[in-house]
Amino acid sequence: MKNPILGIIGGGQLGSLLSVAAKKIGIKTVILSDDENAPAKNFTDKFIYGKYDNKSITQEFIDSVDLVTYEFENIPFNILQSINNEKTVLPKPEINNLIQNRLTEKNFLNDINIQTTQYVSIKHIDELKENENFFPGLLKTTTLGYDGKGQYKLNSKRDISNEIDFSKEYILEKFINLKKEISVIITRFGNQKYEIYEPIENVHEDQILKHSKIPADVSKEIIIKSTEWSKKIVEDLDYIGTLCVEFFIDKNDNLYANEIAPRVHNSGHLTINSHNISQFENHVRAVCGLEKIKTKKIYNAKMINLIGDDILIYRDKKFSENEFFFDYLKKDIKNKRKMGHVTIIEK
Ligand code: AMP
């Protein structure tokens, strides 16, 4: 069978790195983005710019691809569904719909007996006042929040202020004493068929991922549990493609699943250099129905995100043969914006 043409919704660094991985194995990509200057423009075979609800633009996109995937989860469900009526969308739109809302996502995890932090749905300021046992807590919008956006730390009832925008819905999560954060990246090809990467240890600064490394410095029990939970999640969702589960470990070594990303993930960038097959290539292989290749670690590695001005230093830097620099070629440098990354492998 001839290789399919893969449509990708979203043109950020994940779309770029998916395009690069696809090209390497002879798959052409078409990117649809609502940002005229999306960095993936520089890496894809064809770039289509337009709003996702513009029918003629999405039709042009649908007509130029064989199947569709996405690099971010905040795409309205009805748009993914209507694309799926014409060309297969993977992961399935229903999965995206379940996961893009923190409440349904956490309910799903608890329904399949995966531990999360304790949480409660908050739709009104009065509900916040009634749930004192969740303080100190983090109030998070149920949709559209990422990298700490749309979150309020509330130590007690006194912190409830008029600044909180109650036109939105929230969950209030009990604050835990964090020791470590890890993520597990898994690519599922079909029933009980998957490739799984070892847990990755992540450090955040200002709620943005700063460093990732393998191996994660965690106990055997944590490795086994996080791996088993991740397998359970993809099997239960009947997921196809790469998915990331972010976990918290508290000071008593309790493990909590925090978030599921139904896509490739920033913490998995190091797999480009540490493994024979990266999270991006595995995603492309899985959604395009290509052969599953045994994924093996070649090197331990560390990845550093280059945020804002960091990129300027790296653009002029000389690298050793163990260092791999990726510039996302974003048009403007902005504070707190991920501009590139560098991976250092341990030889
Ligand atoms: P999130 O948007 O849920 O990924 O949260 C962003 C970051 O805030 C996480 O990576 C943690 O560092 C921190 N955080 C989120 N929820 C909690 C919690 N319940 N307790 C302690 N820290 C948290």
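Counting convention: from 1, in listed order, for ligands and their atoms alike.
- Near Q207, meaning under 4.0 Å from one of its heavy atoms, ligand 1 places the atoms 7 (C), 8 (O).
- Distances from atom 18 (C) of ligand 1 to the heavy atoms of F247, F134, F248 put F248 nearest.
- Taking every non-hydrogen atom of R102 and a distance limit under 4.0 Å, the qualifying atoms of ligand 1 come out as 1 (P), 2 (O), 3 (O).
- Taking any N or O of T117, backbone or side chain, none lies under 3.5 Å from an N or O belonging to ligand 1.
- Shown in contact with N258 at under 4.0 Å from a heavy atom are these atoms of ligand 1, numbered in order with element: 1 (P), 3 (O), 4 (O).
- Annotation for ligand 1: atoms under 4.0 Å from non-hydrogen atoms of Q151 are 1 (P), 2 (O), 3 (O), 5 (O).
- Atoms of ligand 1 lying under 4.0 Å from any heavy atom of L178, numbered from 1 in the order shown and given with element: 11 (C), 12 (O), 22 (N).
- Under the 3.5 Å distance criterion, with hydrogens and angles disregarded, no donor-acceptor pair is assigned to the side chains of S278 and T271.
- Checked by atom type, the side-chain pair N155/K153 shows a donor-acceptor distance below 3.5 Å.
- Within the structure, side-chain hydrogen bond (donor to acceptor under 3.5 Å, both in side chains) pairs that include any residue of residues 159-169 comprise D165-S167 (at least two apart or interchain).
- Linking Ile, Leu, Val, Met, Phe, Trp and Tyr residues whenever their side-chain heavy atoms come within less than 4.5 Å places F72 and I83 in a single cluster.
- Y256 does not count as a contact of ligand 1, since none of its heavy atoms falls under 4.0 Å from the ligand.
- A donor-acceptor distance shorter than 3.5 angstrom exists from the side chain of K251 to the backbone of L178, with no hydrogens or angles considered.
- Among the candidates D250, D217, D253, the single residue satisfying the salt bridge (Lys or Arg N to Asp or Glu O under 4.0 Å) test with K179 is D253.
- For residues 31-53, the side-chain hydrogen bond (donor to acceptor under 3.5 Å, both in side chains) pairs, not counting sequence neighbours, are T29-T44.
- Annotation: L138 places no N or O atom under 3.5 Å from an N or O atom of ligand 1; distance criterion only.
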